[in-house]
Amino acid sequence: MAKEQGNLAIDSDNIFPIIKKWLYSDHDIFIRELVSNACDAITKLKKLDIMGEYDFPDDYKARVDVSINAEKKTITFTDNGLGMTKDEVKEYINQIAFSGATDFIEKYKDKSSEDQIIGHFGLGFYSAFMVADRVEINTKSYKEDEAAVHWESESGTEFEMDECDKEDNGTQIILHLNEDSYEFSNEYRVREVLNKYCSFMPIEIYLINENQKPEEPKEGEEKEVKEPEAINDTNPLWAKHPNECTEDEYKEFYRKVFNDYKEPLFWIHLNMDYPFNLKGILYFPKVNLEYENAEGVIKLYNNQVFIADNIKEVIPEFLMLLKGVIDCPDLPLNVSRSALQNDGFVTKISDYITKKVADKLTGMCKVERENFEKYWDDISPFIKYGCLKDDKFREKVREYVLFKDLDDKYMTMKEYLETIDLPEPEKAEESKDDNAENAEAAEPPKATIYYVTDMVQQGQYVKMFREQGKNAFVMTSSIDQPFISSLEMGDDPIKFMRIDAEVTEDFKEEVDEEEIKKDGESLSKLFKKALDNDKLEVKVEKLKDEKIASMITMSEETRRMQDMMRMYSVGGMGEMPDMGGETLVLNLNNELVKYLLDNKKSENADLFCKQLYDLALISNRPLAPEKMSEFILRSNEIMSMLAKK
Ligand code: ADP
Ligand code: MG
């Protein structure tokens, strides 16, 4: 054929700056685009074979070669797919590929960089010009009597087309790299990019270094022919039916894809054909939220072609703690992220994933309760986070959230509430003749649920609870406070109270308030004076456990308020202003307290008061450094006094 020349409908003055800007951060995607085009070409030929429109030669083996040549500064993509005729090159390369690029530019030239297109989809073949000064195509169609075609373009805006003598069916695309892009003729760099984008593409891909001469066989040694290995796994685990996958395969896949040598706890294999196509595996990794910065990775694929990690428009945010792969061929990826966010279809995908995760968890709680309990400590931060972030998820799983009690026993809220006496609702008769105003004001009574946030710090209270046969939940994670608040706003008639918030009835003897009032007043006066603190709240009780002398309690409301202030205070480390709300509880059944009451004038009264107060504080929280020094000095003093006796 006669040599053809032509202009492509692209204005080089505006196209390059825009594309350069777009692709500046990851122009390595041209490798993904050209390799996936090569895979497509082979897949199409396979389809023709199945339809009987083409017959593969007996020795046909589908493959894509990526060859690099650091000396010539080239990277070449070769496939044995269906190839293109002259007319097809005109249509698909000169028109479609380039119009695709023009559309791309038109759509995105005014967009800010935050609104990136997912993985720069839509640029296709044209992305070759980001890294190459000159691009050559040699292609031969599977169709008989069609000449092989050579196509070449220097600028991306003008082309030349010619016949050539390519013999095999398929397409070869040669990129003559520009000065800034020589890295793409380096074996290690290209291997890295192939691993990132092409690890699971459906056709075998080989990386060939043209500069590496085959090894000379050594004298007398038989030359061992090393079979080159494909860089990819053409049949990824997620594409198989869950029934065909073994536990070892899941674990192996996890190790390979996420480079995590800790075993995952369990996983969910997503497999859906209708109403949309979605496959994937989500792993629950073993993370410790208190110590690690738990960052999950969800890799998104489109027909086994890697798109990007952690696309929050598709994957619900709270699932980002998981590790997994999602392959969704139906995703509209050539649209911007903000468009994706408002896409009803994408929302459905996201909802489906949430539902599947919730189903897995509730199913486990119902039929594999033992396992569920075993994993609970590891997965609970994730589930609680999900409940806080996602209403639909919370609705599904809230009845299956477990709580651990003081004996390390796990139970759901419902199971727990069945073990305690719920407060009786107000008798209906009494309020019969009340007016409507009053009836409205009456809040339904709530069951108090005690909890521990620190088994060591709150050890004294834990011991008291145990001795009285009372129970509490262990809620030590930082996510537990907001989670508790959300539970209190839920349907169950419950309120939470930290174990040290008050001295509950069970620990006290019944007393005549009037009878101990006087004792209370005189002890209060004594302590206020000794501690030089007028605002000190002192309360006397007769505790069943006479060994306890003093305790500090702080109302639940005050403590929550302080925790919140601490969280929001700048720097966070500074001393909190004393907001009060603390009460010093003295036990009238205790020997030392009795002694103080009878010997207010004793020369040691001051010392005892201070020591009792500090001891009460210590069992509640660490002392400030200078208070600690005082406490140690005073303790020594007390021992010296004993020694002198
Ligand atoms: P897309 O892949 O989205 O169609 P591209 O710009 O990547 O867009 O490619 C444009 C067209 O060029 C493809 O649809 C295909 O028809 C043709 N093409 C590109 N690469 C090859 C190849 N290696 N073999 C056969 N045809 C190809
Ligand atoms: Mg393409």
Side-chain angles (χ1 to χ4, degrees), residues 8-10 15 19 22-23 27-49 54 62-67 75-108 117-132 135-143 146-153 156-157 159 161 164 166 168-175 197-198 201-206 301-307 329-335:
L8 295 157
I10 271 179
I15 193 163
I19 292 193
W22 271 107
L23 297 179
H27 53 186
D28 57 2
I29 57 125
F30 79 93
I31 291 184
R32 173 184 75 190
E33 295 300 316
L34 296 182
V35 174
S36 65
N37 280 353
C39 290
D40 290 349
I42 292 170
T43 306
K44 285 176 195 162
L45 194 57
K46 284 183 171 175
K47 283 209 179 110
L48 289 169
D49 179 68
Y54 176 74
R63 65 182 281 161
V64 174
D65 288 341
V66 179
S67 318
I75 178 167
T76 303
F77 300 83
T78 312
D79 67 70
N80 51 6
L82 86 176
M84 284 177 278
T85 64
K86 188 180 106 186
D87 287 342
E88 284 165 349
V89 173
K90 281 187 189 167
E91 187 180 345
Y92 299 142
I93 300 298
N94 295 348
Q95 287 170 31
I96 292 185
F98 283 80
S99 69
T102 319
D103 281 356
F104 176 95
I105 305 296
E106 265 313 305
K107 261 197 208 144
Y108 297 107
I117 322 167
I118 302 299
H120 306 300
F121 246 70
L123 209 52
F125 168 78
Y126 199 87
S127 61
F129 288 98
M130 297 309 92
V131 295
V135 177
E136 291 182 72
I137 302 176
N138 293 307
T139 182
K140 185 171 182 303
S141 169
Y142 75 99
K143 292 174 187 162
E146 287 282 352
V149 183
H150 175 83
W151 178 99
E152 170 164 353
S153 173
T157 55
F159 69 89
M161 225 162 93
C164 73
K166 185 174 179 1
D168 307 325
N169 294 348
T171 302
Q172 178 186 50
I173 296 179
I174 307 167
L175 274 55
Y197 291 112
C198 311
M201 284 193 187
I203 309 290
E204 288 191 5
I205 302 161
Y206 294 88
Y301 294 81
N302 182 286
N303 263 326
Q304 299 178 220
V305 179
F306 175 72
I307 308 305
D330 303 336
L331 266 188
L333 287 170
N334 51 349
V335 301

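Quick note: residue numbers are just sequence positions, from 1. All ligand and atom numbering here is 1-based and tracks the order in the structure.
- At least one side-chain heavy atom of K90 sits under 4.5 Å from a side-chain heavy atom of M161.
- Taking CD of E88 as the start and OG1 of T171 as the end, the distance is 9.5 Å to the nearest 0.5 Å.
- Sorted by chain and number, the protein atoms of type N, O or S within less than 2.8 Å of the Mg ion (ligand 2) are N37 OD1.
- A heavy-atom distance below 4.5 Å is not found between the side chains of V64 and M201.
- Geometrically, ligand 1 and D79 share a nitrogen or oxygen pair separated by less than 3.5 Å.
- Residue M84 touches ligand 1 through its side chain alone, judged by heavy-atom distances below 4.0 Å.
- Considering backbone and side-chain atoms together, T171 places an N or O closer than 3.5 Å to an N or O of ligand 1.
- Within the 4.0 Å heavy-atom criterion, the part of I93 lying near ligand 1 is the side chain and not the backbone.
- S36 is not listed as a side-chain neighbour of Y197, based on a closest heavy-atom distance of 4.5 Å or more.
- Between Y126 and ligand 1, no pair of N/O atoms sits closer than 3.5 Å.
- For ligand 1, the atoms sitting less than 4.0 Å from at least one non-hydrogen atom of G124 are 5 (P), 6 (O), 7 (O), numbered in the order shown with element in parentheses.
- Proximity of D79 to N37: side-chain heavy atoms (C-beta onward) are nowhere separated by under 4.5 Å.
- Summarising the geometry of P329 relative to N302, their closest heavy-atom pair is O-ND2, 3.6 Å, with the distance given to 0.1 Å.
- For the pair F125 and ligand 1, the shortest N or O to N or O distance falls below 3.5 Å.
- Neither the backbone nor the side chain of L34 comes within 4.0 Å of ligand 1, counting heavy atoms alone.
- Stacking of R32 on the aromatic ring of F306 is not recorded, the 6.0 Å distance cut-off and the 45° axial limit not both being met.
- Here the CG atom belonging to N169 is positioned 9.0 Å from the CG atom belonging to L82, to the nearest 0.5 angstrom.
- The side-chain heavy atoms of N80 and D168, taken from C-beta on, include no pair separated by under 4.5 Å.
- Annotation: side chain of I137 is in contact with side chain of F125 (closest heavy-atom distance under 4.5 Å).
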